[in-house]
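Within every chain, numbering begins at 1; the chains are lettered A, B, ... in the order of the sequence lines, protein sequences first and strands thereafter.
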Amino acid sequence: MPELPEVETVRTHLAPYVVGKRIVQVEVNAPNVLKNTTVPGFRNRVVGKRIEGLVRRGKYLQFLLSGEQAVLVHLRMTGKLLYRPALQEEPRARLRLHLQKGLLVYEDVRTFGGFWLVPKTGPTGVPGYDTLGPDAAGEAFTAAYLRQCLAGKKRMIKALLLDQHVVAGLGNIYVDEALFAAHIRPDRQAATISRTEVGKLHAAIGRVLAQGLAHGGTTIRDFVDSNGREGTNQSFLQVYGREGMPCPHCGTRLVYTKVSGRGTRYCPHCQRKRRRTQHV
DNA sequence: GGGAGCCTGCTG
DNA sequence: CAGCAGGCTCCC
């Protein structure tokens with residue numbers, strides 16, 4: 001479900017309610033959400049700890065606990081982190097952290113997401129996490145860095161942008177939106193994208209992420225913030241979910257196809273294929 | 001590269 | 001009923 005703007009929305013909304021509070025009880029209804037611990041192991045290391053911070057890296061959230069450890073969370077497709085001020089019936093909760101005051105609830109229909117217990121510093125051993133690229137919303141993600149990543153690469157640009165080792169936080173929606181804004185076809189070979197185009201692409205990524213964040217994230221079907229509220233960015237999308245509708249720039253019918261296994265929308269006119277001989 | 005697999009639920 | 005879904009890993 002969530003990409004960088006959605007995860008960041010959850011973080012900013014959730015932090016004021018949980019940071020500073022002590023975890024008094026752990027309730028696990030679906031043990032498979034614990035990816036690298038057992039229920040007793042998780043409980044032993046988490047109960048009694050205080051949540052000292054909530055940070056995001058790419059699409060991961062990390063609850064920093066008092067002591068040496070942190071709880072790493074990835075929502076994958078349908079994970080939700082919700083704050084409840086008081087105990088209530090919670091038939092869909094996969095896991096609940098009872099706090100001094102209130103509860104942190106984890107829901108996840110498809111149970112792709114989950115929790116890892118990790119050291120606050122040093123390698124975590126979590127597949128994918130230690131090798132994340134620079135955060136897409138961070139200062140280290142520059143146009144020059146992006147240019148280096150594309151140079152000489154035969155991969156399709158969409159596959160490369162979805163690769164969290166290259167840049168962390170982009171997903172299917174925002175990649176399609178950024179490529180449309182930069183007038184680049186999703187299946188272009190990365191190496192064929194010109195220096196000027198890379199500059200436009202980098203700027204477009206910044207814009208679409210900022211717009212998503214400003215609208216509290218994109219809700220197509222599942223996404224809600226920690227208060228259960230949906231985002232509004234879906235109303236501002238230019239191509240994602242709009243196949244068959246006219247391109248907002250030129251009126252050509254937007255196309256749906258598969259690129260690197262993912263549903264992909266683009267404008268066949270604004271995002272024309274370029275000659276293979278262009279260079280970075 | 002591409003594909004299967006992890007899961008459940010919704011849409012056509 | 002098949003196909004699709006804001007993700008990611010593993011395995012050719």
Given B:dG1, C:dC8, C:dC4, the nucleotide with the shortest approach to the side chain of A:Arg155: B:dG1
Can you tell me the distance, in whole Å, between the OH atom of A:Tyr60 and the C1' atom of C:dC8? 8 Å
Going by ring pair (Phe, Tyr, Trp, His ring centres under 6.0 Å), name the pairs with one or both residues in residues 126-150 of chain A, residues two or more places apart or in two chains. A:Tyr60-A:Tyr129, A:Phe141-A:His202
Secondary-structure stems for DNA chain C, with pairs counted as Watson-Crick or G-U when both distances are under 3.5 Å and runs at least 3 long: B:1-6 with C:7-12, B:8-12 with C:1-5
Extract all donor-acceptor atom pairs below 3.5 Å that involve side chains of residues 250-259 of chain A and protein atoms in other chains or at least two apart in sequence.
none

Ignoring backbone atoms, establish whether A:Tyr256 has a side-chain N or O less than 4.0 Å from OP1 or OP2 of C:dA5. yes
B:dG2 and C:dC4, which share atom name P, separated by this distance in whole Å: 16 Å
Sequence-aligned protein contact record of nucleotides 6-12 of chain B, with B where the base is within under 4.0 Å of a protein heavy atom and S where only the sugar-phosphate is: BBBS---
Assign A:Tyr240 to base, sugar-phosphate, or nothing according to its heavy-atom contacts below 4.0 angstrom with the strands shown. sugar-phosphate
Does A:Glu90 come within less than 4.0 Å of A:Lys80, counting only side-chain N to carboxylate O? no
Less than 4.0 Å between a side-chain N and a carboxylate O, is that true for A:Glu8 and A:Arg11? yes
To the nearest angstrom, the CG-C1' distance between A:Asn36 and C:dC8 comes to 16 Å
Select base, sugar-phosphate, or nothing to describe what A:Gly261 touches, counting heavy atoms under 4.0 Å on all strands. nothing
A:Leu237 CG - C:dA5 P separation (whole Å): 15 Å
Can you tell me if A:Lys59 touches the phosphate of C:dC8, counting only side-chain N or O atoms and a distance under 4.0 Å to OP1 or OP2? yes
Solution key, residues 94-101 of chain A side-chain donor-acceptor pairs under 3.5 Å, sequence neighbours excluded:
unit_1	atom_1	unit_2	atom_2	d
A:Arg94	NE	A:Asp108	O	2.8
A:Arg94	NH2	A:Asp108	O	3.1
A:Arg94	NH2	A:Val109	O	3.0
A:Arg96	NE	A:Glu27	OE1	3.0
A:Arg96	NE	A:Glu27	OE2	3.3
A:Arg96	NH1	A:Gln88	O	3.2
A:Arg96	NH2	A:Glu27	OE1	3.1
A:Arg96	NH2	A:Glu27	OE2	3.2
A:His98	NE2	A:Glu27	OE1	2.6
A:Gln100	OE1	A:Arg22	N	2.9

Can you check the A:Glu243 CD to C:dG3 C1' distance for me, whole Å? 13 Å
Between CD1 of A:Ile173 and P of C:dA5 the distance, given in whole Å, is 11 Å
Which atom pairs, donor and acceptor, lie under 3.5 Å between side-chain atoms of residues 207-217 of chain A and protein residues at least two apart or in another chain?
unit_1	atom_1	unit_2	atom_2	d
A:Gln211	NE2	A:Asn233	OD1	3.0
A:His215	ND1	A:Gln211	O	3.1
A:His215	ND1	A:Asn233	OD1	2.9

Rounded to whole Å, the CG-P distance (A:Asn172 to C:dA5) equals 8 Å
Between B:dG1 and A:Lys258, is there an OP1 or OP2 to side-chain N/O distance shorter than 4.0 Å? no
C1' atoms of C:dA5 and B:dG1, separation to the nearest Å: 23 Å
